[in-house]
Each structure stands twice: as structure tokens, then as C-alpha cells.
J.: 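Here's a structure for you.
Numbering of ligands and ligand atoms starts at 1, following listing order. Side chains are part of it too, since the values below use all heavy atoms of this structure and drop only hydrogens, waters and symmetry mates.
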Amino acid sequence: MKPINVGLLGIGTVGCGTFTVLQRNQEEIARRAGCAITMKMVADKDLDKAQALVGGRAVVTADAHEVVNHPDIDIVVELIGGTVIAKKLILKAILNGKHVVTANKALLAQHGNEIFAAAQKKDVMVAFEAAVGGGIPIIKSLREGLTANRIEWIAGIINGTSNFILSGMRDKGADFSDVLKEAQRLGYAEADPTFDIEGVDAAHKLTIMAAIGFGIPMQFGAVYTEGITKLTREDIRYAEELGYRIKLLGIAKRKEKGIELRVHPTLIPARRLIANVEGVMNAILVKGDAVGQTMYYGAGAGAEPTASAVVADLVDVARMLTSDPEHRVPHLAFQPDQLSDIAILPMGEVETSYYLRLKVYDKPGVLAGITRILADLGISIDAMVQKEPHEGEDLVDIVMLTHLMVEKHVDAAIRKIEALPVVAGKVTRIRLEEFN
Ligand code: HSE
């Protein structure tokens, strides 16, 4: 078979990793793909840097359009990120009949429906293993390995930066802002870490996994997104004392009335495997009706781990190039005319358990008033602890874990509890999942 020519857009960290892995493992890759996969062109606006990295082994240009329009290029690898220029280039490549491999989760979560429709029209593939979980083959697993199953839920630690921060807060008893600074110093967190710490990056990845898992369109706008910035070291410690760890999870759950799509800090029993995923590592739990729970673990970012996913896509595309488009694995796992319009549930209808922490005056009858509010709304308490008074204060922390409850009732209880004169300040609410 004739070699497959690849054009790379963006030779940053992952682009460089992809170039290196393709070169280093070229023989093994050719034996697997049935043909050589060659990086023919590289586009990067920093021409000098690109030329230095490529060292004459590919044509280098500062103009990405040259790559997407070049007749010799079979597959365009988009690793420039962002949603404006990357979208234009991908759509142009598709229009030119080229297959696309991308790691761009923000783009797919927001414009995936349009991109896949364009790709279907032109009978080309758009592969995106590297968009979720870095080197973990979660897309392949959800789309192909678990294809016999009705997926019931997906829950993942899919942002390494926030997992690093939460692990640091727990290990060192440190504040959020101090561990964030350390993450920035080590290069894990960007100078502007908003997307990672506010849950946006995780919401992009959850959108993609939910689409493949449930056969629904990409619906990034419907994901409830709450980051880790408000978590205190006290909450992490109290959770630990009760036998839980706090992780930022992306959760997609199929319920009778619709689908829950949510990213938020979550208490998980410390004995669960996923609760022990530390530092920048990622892990995703998938529950299928036939297989039960499965877990996928690995590096969620980094040059070569992410390149591993990009190159796997290149091999996949190379193998399928000559196949009849009708018989390829559909982009979103389900046939495009079989996507479901099942509703995404509003947060008020989500059902989960809760960790509630409140500051109260240590006086007789205080607890009775609080538990009465909870009982009236049908909220059942699973565990409750009163902590030592803060030094020099007559206020104490009360921590409660609830059984499963629909969120709108918990919201109503919180509003009533906050209005009690014996309660100081706001109630802290963190959702809890048992995964049993
Ligand atoms: N910023 C992401 C993370 C890595 O912290 O996990 C790329 O998806």
C-alpha cells in the first residue's frame, strides 16, 4: 500500500511528541497499519522553532492553509487548539476530502455536530482519541470495546490539573491557592488556569464521552459545571475523616427521565480505586449493563502520552482509508441518523447524596431545628458530626452526609437552614457518589 502522508498543524508539546513517536516507532507502526505513515508537512506560525524541531525531515511552513490544501496530504492532524482558526482549518481540510485527527476537545464539544456532519457529507473520518484522557484509549473503549452494552453511567477524573491541586491540598493540608501556585510553577497549570480549575476542560471532555456513550449530539451548553476553587482544606479533611476523598468528577448518567451531565467536586468513598487516583493522572469509570463497572487509568496529558492517542488515530484512519464509508465505525459510535434526542436533566432534577457543612452557634435545640427542616423535605441523614469549636469562637462546624435526594429539595433545605438565626453564613454543599 502506498504511504499515508500526514500534515501536522501546530508543533507544540503534543505536536512534537507526535512527530517523535511517529519517527521512533515507524517500523512497528507500518507493520500495524499495513503501510508507512509519514509526516510530510508541518505548519507552525513559529517557523524557526518548527524548522529546528523537524530538522529537514518534513516540509515546514508558517501557513496552515498550505497543508490543508496540499493534494499530497491524506490526513490533517490539528493540534493548534482554540475554536476559531482550528475550526476553519478542519472544515477546509474536510471539504478538500482529507481525513482529520484532532485533540481539540473544546472545538468538538462546541462545534462537533457541525464538524461530523461535514465529514459525513464528504465521506471522511474525524478521529479524536487524544481529546479525552490524553493517552487513555477511552474513546476507542466506549465506541468499540463496549459496543455490546447499554452504557448506564460514565464518571471520570478527566482534568489532571485539578486532580493535582486536590491531591496536594489533601497531602499537605494546604490551601487551594498555594497548591495552584505550585502547579503553575511545575508547569501543570497554565498562567490562566480558569478552564482547568473551573471545570470547563472537564465539561468539554464529558460532553464528548456522553455523546459516544449514549448516542446523543454534543451538548456542551447543557453540562452543569462547577470547579474546585471554593473547596477548603477543612472540607477535604472532614471528608477524609468520614472515609471519603474529594475529586473533581465529570459524571454522565442515564436516568429514566433523561441524562444527567455534570462536572463538580464529588465525595467518593476512599476505598474505591478511583478515589486513589492522585496527582495529574486521569481515570474514567464506565458502567455498562453487560460488563458492569470498568475503569481506565493513565496519563491525561503530556507530549508522548497524548501522541500515543494521536498516532493510534492515524493508524486507525490508515486502516480504514480504503473501506466503504458506510461500513466504518460512526464518528459518535451510533449511526448518525440514530442519535437520540433524550433530554439533559436540569440540575434540580439530579439525584445524588450530599455533604453539607454549616457553622452554628453551640446552643440547645440548634440541631433539632436543622434536622426538622431536612425531615420536612424528606431528606434522610446518613451521618452527622459536630466538630470542635473554632479557637476563640462560640461557633462550631456541623457536617452531615445525606442519603440520595433530588437536588431541588436539598436546595430548598439549604435556603431554609441559612435563614435560621443560629446558623452563621452559607451552607457548604458538595455532592457525593458511592459508585456501588
Ligand atoms: N489541561 C488538561 C488537564 C490537559 O489538566 O488535564 C489537557 O487536556
J.: Applying salt bridge (Lys or Arg N to Asp or Glu O under 4.0 Å), run through D74 and K2 and close with a yes or a no.
T.: CA-CA 11 Å; D74 304 298; K2 82 171 185 60; 3.7 Å; yes
J.: Provide the number and element of each atom of ligand 1 under 4.0 Å from a heavy atom of G160.
T.: 3 (C), 5 (O), 6 (O)
J.: Evaluate whether atom CD of E434 has more than 12 neighbouring non-hydrogen atoms of other residues, nucleotides or ligands under 6.0 angstrom away.
T.: yes
J.: Looking only at protein heavy atoms, which one is nearest to atom 1 (N) of ligand 1, and how far off is it?
T.: D196 OD1, 2.9 Å
J.: Decide salt bridge (Lys or Arg N to Asp or Glu O under 4.0 Å) for K247 and E278; before the verdict, give the C-alpha distance in whole Å, the side-chain angles of both, and the deciding distance to 0.1 Å.
T.: CA-CA 9 Å; K247 296 288 181 188; E278 299 287 17; 3.2 Å; yes
J.: Does the N or O separation between I158 and ligand 1 drop below 3.5 Å for any pair?
T.: no
J.: Is K105 touching ligand 1 with its side chain, its backbone, both, or neither, if touching means heavy atoms under 4.0 Å apart?
T.: side chain
J.: Is it the side chain (CB and beyond), the backbone, both or neither of N159 that lies under 4.0 Å from ligand 1, heavy atoms counted?
T.: both
J.: Considering only heavy atoms, does D201 approach ligand 1 within less than 4.0 Å through its side chain, its backbone, both, or neither?
T.: side chain
J.: Which protein non-hydrogen atom lies closest to atom 4 (C) of ligand 1, naming both residue and atom, and how far is it?
T.: A301 CB, 3.7 Å
J.: Among residues at least two apart in sequence or on other chains, which ones pass side-chain hydrogen bond (donor to acceptor under 3.5 Å, both in side chains) with S340?
T.: none
J.: Is there a side-chain contact between E152 and R254, using heavy atoms and a 4.5 Å cut-off?
T.: no
J.: If you measure every N/O of T161 against every N/O of ligand 1, is any gap under 3.5 Å?
T.: yes
J.: Extract all donor-acceptor atom pairs below 3.5 Å that involve side chains of residues 81-93 and protein atoms in other chains or at least two apart in sequence.
T.:
unit_1 : atom_1 : unit_2 : atom_2 : d
K87    : NZ     : E114   : OE1    : 3.0
K92    : NZ     : N69    : OD1    : 3.4

J.: Under 4.0 Å, counting heavy atoms only: does K205 come that close to any atom of ligand 1?
T.: yes
